Visitor: 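One structure follows; several queries about it will come next.
From a predicted model like this one, the values you see are computed outputs, not experimental measurements.
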Amino acid sequence: MLDGEGLHTPSDSETLSRILNRTAALLQARGCGVLLLDRKKNVLAALRPFSGLPEERTKALEFSLGGGSPMGEVVAHDTPVLLDQQTNGGAASVLNSLDVQNAVFVPLALEQRDENNQVVQRRVMGAFCAFDKFYGRPFDMEDARLLGMMARQASAVLVTSQVYWAEVERIKEVESILESTSVGLLAVSPKGTVTQVNEAARIALGLDKMDYFGRPYDDLITRSDICELISDTLDGRPPTEPKEFPLRVKEGDPEEEDRIYRIQMDQIRSEDRQSMGWVMVMENVTDIRRAEQMMAAFVDMISHELRTPLTSIRGFVATMLQAGEGVFPWETQEEFLQIVDTEAERLGGMIDEQLNIARIQNGRGLQYNFAPTDIRQLAAQVFRLQKQSSSWRGHELVVDIPEDFPQFQSDESKLLQVFHNLVGNALKYSPSAGTVTFSARQVEGGVQISVSDQGLGIPKEQLPKMFSQFFRVETNQHTAIKGTGLGLWLTKHMIEGHHGRIWVESEYGHGSTFHVFIPTDPTRAPEGSGSAE
């Protein structure tokens, strides 16, 4: 096994050391050692202890198997190799690495034998070597034969150790994979004792990391409905379909969070298909279910919102048609037509917004057409449209923009949607009316436009989530107000399409201010550049 300082024997090192010393004495050699095959690096690496060499020399000792190396012959062809200073090829580099005059290498192999003691499978796992024969004599094939006999004793020691530690490493690797997965896994034996719980399941069930192995599942799990699910499964009545369970989960944050888990039971089988118990698979589907609920609410709300301007348009058109010629003076007709035009404009804006949402969700992105923009005219248009909405309840609408405010480049239709959303939210979340202020000022590199209200405000801990898809502020007052959770998400996309940025400041109970920075010329500005907070 590798420990950062070369290979070492994880167990039975004393037994291996005796074999090495006995082998060196038998071959009348100065030393003897084991080289193990590292298939990833394609080398033979020295295993400690290594008789006859200082430990410091052994730590970094390894031999390449490529480039015509004699070590390659030992492993690839399962054959002994004799080396001395007169040997050709790569012998010199091997002997110099060991600082010896001569050496003999034989394969170190793992053998499987049948009932007649015949070898049915042989796999080379390294090499066994002896070096520096006494009195300067060279090694011969008889030495290689004796070394091969001793290699079988060494391999018997190593196999036990290698197999054990390889299994330990394999188990650690499997446990690391299980711990890293986001799906919760809890395994129980056929008798109902817990054999494995990964981190995701411990978080979901509120279990201690160290205190679960071998304990009955109903001693650990407090939810009776989940215990009943496991009990039915162990009694031979596993669920035919996954079931969903709401759980209160505490993960890192001191506050608990409501989550929904989709739980199913899968049987654990051995290689011969015998049952080894069951694993409870827990998949967190909270976001999926919330998205489904939001989408249902979104469809319901959009149906209502689209119907509102359509009702106004049809109502006023029907009134004029039924009245006939000469019933209403031109001033009244003009007022009716102005309302129809405004409602049609609102309806078109809603449709454009939904199309933009669909484009972003489908990964197609939005197209931008930049042109000079007069922010005062844009603010007036936004307020005109908002005064026709049901959210306007006599709020005071204030425009705070200098008359000589310079024009800047933008996609005006996108900005109209952005500020329509921001002003609409300011009105909607100010149920007690108050002042809504639309202001603009020049800052370095562009303009900063702000929409302020005196409404409900936003809790501090929820501010970072404000521009997330489908997110809505979770308080009793906020949830009573209809919304899709998509308006600010779309707004953020549109502002980023201008290479600008958006952020919010709020004090819960005292109103909010949304700030937007847009570069003077988005076509030349790096994304998110130069804002002032």
Visitor: Mind checking salt bridge (charged side-chain N to carboxylate O under 4.0 Å, His left out) for E244 and listing every partner two or more places apart, or none if nothing turns up?
Guide: R289

Visitor: Is it the case that over 12 heavy atoms from other parts of the model lie below 6.0 angstrom from the CZ atom of R269?
Guide: yes

Visitor: Is there a donor-acceptor contact under 3.5 Å linking the side chains of Q454 and H510?
Guide: no

Visitor: Assign the ring pair F370 / Y368 to parallel, tilted or perpendicular, where the plane angle (0 to 90°) is split at 30° and 60°.
Guide: parallel

Visitor: Under 3.5 Å, sequence neighbours excluded: what are the donor-acceptor pairs made by side chains of residues 229-236?
Guide:
from: D232; atom 1: OD1; to: R237; atom 2: NH2; distance (Å): 2.8
from: T233; atom 1: OG1; to: L229; atom 2: O; distance (Å): 2.8

Visitor: Distance only, no hydrogens: is a donor on one side chain within 3.5 Å (strictly under) of an acceptor on the other, for Q267 and S275?
Guide: yes

Visitor: Please evaluate residues I458 and V504 with respect to the criterion side-chain contact (heavy atoms from CB on, under 4.5 Å), reporting the C-alpha separation (whole Å), side-chain torsions for both, the decisive distance (0.1 Å), and the verdict.
Guide: CA-CA 9 Å; I458 303 163; V504 58; 4.1 Å; yes

Visitor: Of L185, V197, V183, which is the lone residue that meets side-chain contact (heavy atoms from CB on, under 4.5 Å) with L178?
Guide: L185

Visitor: Does the distance from a Lys or Arg side-chain N to an Asp or Glu carboxylate O, for R262 and E241, drop under 4.0 Å?
Guide: no

Visitor: So I263 and P242, do their side chains get closer than 4.5 Å, heavy atoms only?
Guide: no

Visitor: Would you say the side chains of T491 and N421 form a donor-acceptor pair under 3.5 Å?
Guide: yes

Visitor: Check the side chains of N369 and Q367 for a donor-acceptor pair under 3.5 angstrom, ignoring hydrogens and angles.
Guide: no

Visitor: So does S430 get a backbone contact from the side chain of H395, meaning a donor-acceptor N/O pair under 3.5 Å?
Guide: yes

